[in-house]
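Below, read A as the first sequence line, B as the second, and so on, with proteins coming before strands; counting in each chain starts at 1.
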Amino acid sequence: SQTIHQWPATLVQPVGSPLSLECTVEGTSNPNLYWYRQAAGRGLQLLFYSVGIGQISSEVPQNLSASRPQDRQFILSSKKLLLSDSGFYLCAWRGTSVGEQFFGPGTRLTVL
Amino acid sequence: QQQVKQSPQSLIVQKGGISIINCAYENTAFDYLPWYQQFPGKGPALLIAIRPDVSEKKEGRFTISFNKSAKQFSLHIMDSQPGDSATYFCAASIEGSSGSARQLTFGSGTQLTVLP
């Protein structure tokens, strides 16, 4: 069966520091992968998606970037964090049935 | 514009009651309408989904009702239980163009509290 992992689970970082969040998927090949951000008490905002290695599409211009160095690995990065980058970051992969997406456990990021 | 509007923002229901959450969309090309359930500190989990070629789908206590002409769909939770207390998100999806991925557009969420 397919599983999705996110690391780390929680992170507290100062403003201006770099960021690297990792997402890995097991049990599937060449999945579509997605990064979302969820602000406290809010809905999910799509940040990036990837249809394959090295292929990244950005949905929202911002302080963040994404990379897909391997088929099952999706990384969210920032060179300098802003206070507004705080939130709950979720990685998701597209399942085999049309439209369905499965989410990882998330990373809670607090920027101080 | 691909928006999905969800209501109410919060809902309190007595145990055993029926919880109803509504969503409205604008893009008639949406072809997949899921509902997600999210517990605090966890990622959303797919609860139930419907395609626009049917008007209703039921899975256990959860039912999606779909009104194509009104461009609305709703989640009904029958015999609501305290364990159903969570945030529920509706979403809508459309196939991406060549080289792009299918994307989900999410509603803003409904925080459901089921009182014991």
Transitive ILVMFWY side-chain link B:I64 to B:V54, under 4.5 Å: yes
Check whether A:L21 and A:V12 end up in the same hydrophobic cluster, where Ile, Leu, Val, Met, Phe, Trp and Tyr are linked by side-chain heavy atoms less than 4.5 Å apart. no
Engaged part of A:Q38 at the chain B interface, taking heavy atoms whose separation is under 4.5 Å: side chain
To the nearest 0.5 angstrom, please state how far the CD atom of A:E100 sits from the CG atom of B:L46. 6.5 Å
Where does B:Q6 contact chain A at under 4.5 Å (heavy atoms): side chain, backbone, both or neither? neither
Are A:V25 and A:Y89 linked, directly or through intermediate hydrophobic residues, by side-chain heavy-atom contacts shorter than 4.5 Å (ILVMFWY only)? yes
For each of B:A49, B:S108, B:A92, B:G109, tally heavy-atom pairs with chain A at distances under 4.5 Å, and name the one with the top tally. B:S108
With chain A as the partner, which of B:P44, B:A45, B:S93, B:G43 has the greatest number of non-hydrogen pairs under 4.5 Å? B:P44
Within a radius of less than 6.0 Å around CD of B:E59, do more than 12 heavy atoms belonging to other residues, nucleotides or ligands occur? yes
Would a distance-only check, ignoring hydrogens and angles, find a side-chain to backbone donor-acceptor pair under 3.5 Å from A:Y34 to B:Q103? no
Any side-chain heavy-atom pair from B:K42 and A:F103 closer than 4.5 angstrom? no
Hey, quick one: are B:I20 and B:V13 part of the same hydrophobic cluster, counting side-chain heavy atoms closer than 4.5 Å, chains of contacts allowed? no
Does any heavy atom of chain B fall under 4.5 Å from the side chain of A:L90, the backbone, both, or neither of them? side chain
Side-chain heavy atoms under 4.5 angstrom apart, residues restricted to Ile, Leu, Val, Met, Phe, Trp, Tyr: same cluster for A:Y36 and A:F102? yes
With chain A, the option among B:D31, B:L33, B:L104 that has the most non-hydrogen atom pairs under 4.5 Å is B:L104
For atom CD of B:Q81, decide whether the heavy atoms of other residues, nucleotides or ligands shown that lie under 6.0 angstrom number more than 12. yes
Between B:P34 and chain A, which part of the residue has a heavy atom less than 4.5 Å away: side chain, backbone, both or neither? neither
